[in-house]
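A note on names: the letters A, B, ... follow the listed sequences, proteins ahead of strands, and every chain is numbered from 1.
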There are 2 protein chains.
Amino acid sequence: MKPTLKAVAEAVGVSRSTVSNAYGRPDQLSTELRERILETARQMGYPGPDPTARSLRRGVVGAIGVLFTSRLSYAFTDPFAVRFVTGVAEAAERHDSNLLLVPLPPDASGARRAVENAAVDGFCVYCVGDEEGILAAIRGRGLPFVTTSARSGADDRWVGIDERAAARSAAAHLVELGHRRVALLGHDVLPRAASDLLRVADVADVPHPTTRDRFAGFADAFATAGVPWSDLTVLTARDNTRDAGAAATSALASLPEPPTAVLAASDVLAFGALDALREQGEWGRQVSVTGFDDIAEAATVGLTTVRQPAEQKGRTAAELLLEPPADARAGQILLPTTLVVRTSSGPVPRS
Amino acid sequence: MKPTLKAVAEAVGVSRSTVSNAYGRPDQLSTELRERILETARQMGYPGPDPTARSLRRGVVGAIGVLFTSRLSYAFTDPFAVRFVTGVAEAAERHDSNLLLVPLPPDASGARRAVENAAVDGFCVYCVGDEEGILAAIRGRGLPFVTTSARSGADDRWVGIDERAAARSAAAHLVELGHRRVALLGHDVLPRAASDLLRVADVADVPHPTTRDRFAGFADAFATAGVPWSDLTVLTARDNTRDAGAAATSALASLPEPPTAVLAASDVLAFGALDALREQGEWGRQVSVTGFDDIAEAATVGLTTVRQPAEQKGRTAAELLLEPPADARAGQILLPTTLVVRTSSGPVPRS
DNA sequence: TTGAAAGCGTTACCAA
DNA sequence: TTGGTAACGCTTTCAA
């Protein structure tokens, strides 16, 4: 077995405190003694204080957790998530904090357990569907946390964008181009995935908070143009992936009066929509498509989309966690968004 | 302060062991008592056993660490790294293990400390430059680990590809197309970043193990075609990014006899090369470029490259860690690679 | 089925 | 500058 701090102390002939200080508080003992301790430790193969024991004693872990709905293998499918984590990592590194990636099982009790078992000093909550159960579990542990989608309590730390206004800007752009018959594409639109094509009685019924907010924004712009919610076609992707976006979009072709534009709630879904539309030949190519996030590929392909600062969002979230603002009201940070118009959106084709 | 297990025990009027069992070993006590304990705990706001204390006592953390050279914000710049982590995450999730992302500071002692302070049950080492120092630190802790680039000891677990043969296949393809005057593009080619354009006395001098192996493979194929190492132009990117690849490649234009092809040690570098060459007008467009990894964008752009199974590499690494093979010799897994020929490579232009 | 006692490997405090 | 003592919060024998 690996030697412990105690063994080193005995070998050197000093107390455990002194050995501990040799590692954690070099100023508390003479350089000479410290050297002697470190040297003996090296010879004995002592790897330094055990991280777990130190955490227990100090009450600090030195890691922050990033909470994801569902499997990471799925979450990382969206470049936006990767950029968010990158931002979190950047800030964490500056604070000598490690990053613990915590995927949440779909069932509530499993998710709760995952939160309860994570050895961290705080949480960044990345776009979780069911915020409430998760937040309750976090609060239960008494750990600080930062939310990035739905806002929770007024005093809770949060970083995000004005989802609804941002979505509205994309829709307004299409309205201006003359589009009136359009489809909205999102995931988690229904409690359970039903058919791809359906009418949702009310935007407020959409379970996923982000999808709901963005859909509401889309609807705002069209309502202003005289198009009521009930006239919008809603496409439900089974998840937030390109393939799912394509599958959901392909249902459009069979419509008697197909829409002239598709507004996607994310770029990955938008790419899926483009894939599906390209397969529809001439008609499909005429359909305008907008996305959300502005991931790198959007520029390459020419996707009109809403840009939100991904890395900055992650970085800010981590900073909010690691450098808590003195004033609680400074704990809510709204990030800017921009509509980026590219070639995937254009005027309504006359026919 | 949050209540502890002890407080719950006192409140219910049972011993701490019993409360502990209520959480960790439900079969050790009557359902009725268990219910009563859990209910009281809930009312008191006890979040369940503290993860750190449990880890200390049990000797198991429930997380595996992934070691990266340098900042994560840089590592995640390469989609290959993201896919690797995704694979690791997939296997980790199956084993109810969390993922701790551990960036290693560039200095040896900082890196050592990072390894010593990580609360994990084992490590996946992702492409670290200085393997030895790191591995020594891991061995010092007595934790299991899996390596993915350089192989270490014969009994150590490892998953990877035949770097050299894979690189050779790309170079052989260019040889067949008639290329004889070519440039190799890689990062960490020199101990310290010197000029972009230089002669390296010997492949064996390249410090980065992966770059070295791939360069050696490139050189193999050209040696067979009668082109010695000294006739190959070596381009040094300051790091493994698209921009650095572009910067390094732009030096080519000023050469009296510019090469007809660029062999990059990674896809991101290859994209950089393409960026730079496209700026050179007609001449640049004629230059063949090959990459390595086959990240998603390679297909979009038509980059000829060597495919290696990214997710599988990560998944296998984690599995090797979490399900140690009974036979040590089964701990070394070689993954297949394929040369994927696309449009970025073609015959030597006559001029 | 329940409980008492003995740690797990540290660090913090206070006294010497 | 150094050492003793008491936790940190839990789990695990083993005995009742």
Report the residue from B/Tyr126, B/Phe68, B/Phe76 that forms a ring-ring contact (aromatic ring centres under 6.0 Å, His included) with B/Phe84.
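Filter result, single survivor: B/Tyr126.
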Review item, nucleotides 7-9 of chain C N/O atoms under 3.5 Å of protein N/O:
unit_1: C/dG7; atom_1: N2; unit_2: B/Arg57; atom_2: NH1; d: 3.0
unit_1: C/dG7; atom_1: N3; unit_2: B/Arg57; atom_2: NH1; d: 3.3

Without placing hydrogens or testing angles, list every side-chain donor-acceptor pair under 3.5 Å for residues 4-17 of chain B, not counting sequence neighbours.
unit_1: B/Thr4; atom_1: OG1; unit_2: B/Lys6; atom_2: N; d: 3.3
unit_1: B/Thr4; atom_1: OG1; unit_2: B/Ala7; atom_2: N; d: 3.4
unit_1: B/Ser15; atom_1: OG; unit_2: B/Ser17; atom_2: N; d: 3.3
unit_1: B/Ser15; atom_1: OG; unit_2: B/Ser17; atom_2: OG; d: 3.4
unit_1: B/Ser15; atom_1: OG; unit_2: B/Thr18; atom_2: N; d: 3.4
unit_1: B/Ser15; atom_1: OG; unit_2: B/Thr18; atom_2: OG1; d: 3.2

What distance separates B/Leu143 CG from B/Leu321 CG, expressed to the nearest 0.5 Å?
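Between B/Leu143 CG and B/Leu321 CG, I get 9.0 Å after rounding to 0.5 Å.
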I need the B/Asn117 CG to A/Ser55 OG distance, nearest 0.5 Å.
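Output value for this atom pair is 9.0 Å.
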Of all pairs that satisfy ring pair (Phe, Tyr, Trp, His ring centres under 6.0 Å), the ones with a partner from residues 27-62 of chain B, not counting sequence neighbours
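Qualifying pairs: B/Tyr23-B/Tyr46.
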May I have all residue pairs that pass ring pair (Phe, Tyr, Trp, His ring centres under 6.0 Å) and include part of residues 85-120 of chain A, sequence neighbours excluded?
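Checked against ring pair (Phe, Tyr, Trp, His ring centres under 6.0 Å) - neighbours excluded - no pair reaches residues 85-120 of chain A.
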With A/Thr77, which residues qualify under side chain to side chain donor-acceptor pair (under 3.5 Å), at least two apart?
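Here no residue qualifies.
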Listed by chain and number, what are the side chain to side chain donor-acceptor pair (under 3.5 Å) partners of B/Arg315, not counting sequence neighbours?
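Counting only residues at least two positions away or on another chain, B/Arg315 forms a side chain to side chain donor-acceptor pair (under 3.5 Å) with B/Glu90.
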Are A/Glu319 and A/Arg94 close enough, and set up right, to give a salt bridge (Lys or Arg N to Asp or Glu O under 4.0 Å), and what steps lead you there?
CA-CA 10 Å; A/Glu319 282 165 356; A/Arg94 267 207 308 281; 2.6 Å; yes
From the 5' end of DNA chain D to its 3' end, which nucleotides mark the outer limits of contact with chain B, defined by a 4.0 Å heavy-atom distance cut-off (strictly under)?
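Result: D/dG9 to D/dT12.
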For residues 43-59 of chain B, which residue pairs qualify under salt bridge (Lys or Arg N to Asp or Glu O under 4.0 Å), counting only residues two or more places apart or in two chains?
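Not a single pair qualifies under salt bridge (Lys or Arg N to Asp or Glu O under 4.0 Å).
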Qualifying side-chain hydrogen bond (donor to acceptor under 3.5 Å, both in side chains) pairs, either residue in residues 79-88 of chain B, two or more places apart:
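Qualifying pairs, neighbours excluded: B/Arg83-B/Glu311.
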Could you list the donor-acceptor pairs under 3.5 angstrom formed by side chains in residues 27-44 of chain B, with sequence neighbours left out?
unit_1: B/Ser30; atom_1: OG; unit_2: B/Leu33; atom_2: N; d: 3.2
unit_1: B/Arg34; atom_1: NH1; unit_2: B/Ala22; atom_2: O; d: 2.4
unit_1: B/Glu39; atom_1: OE1; unit_2: B/Arg42; atom_2: NH1; d: 2.7
unit_1: B/Glu39; atom_1: OE2; unit_2: B/Gln43; atom_2: NE2; d: 3.0
unit_1: B/Thr40; atom_1: OG1; unit_2: B/Arg36; atom_2: O; d: 2.7

Return the residues of residues 19-35 of chain B meeting this criterion: a heavy atom under 4.0 Å from some atom of DNA chain D. Order them by number, or give none.
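B/Ser20, B/Arg25, in order of number.
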Dump the pairs, protein N or O against N or O of nucleotides 14-16 of chain C, anything under 3.5 Å, distances to one decimal.
none

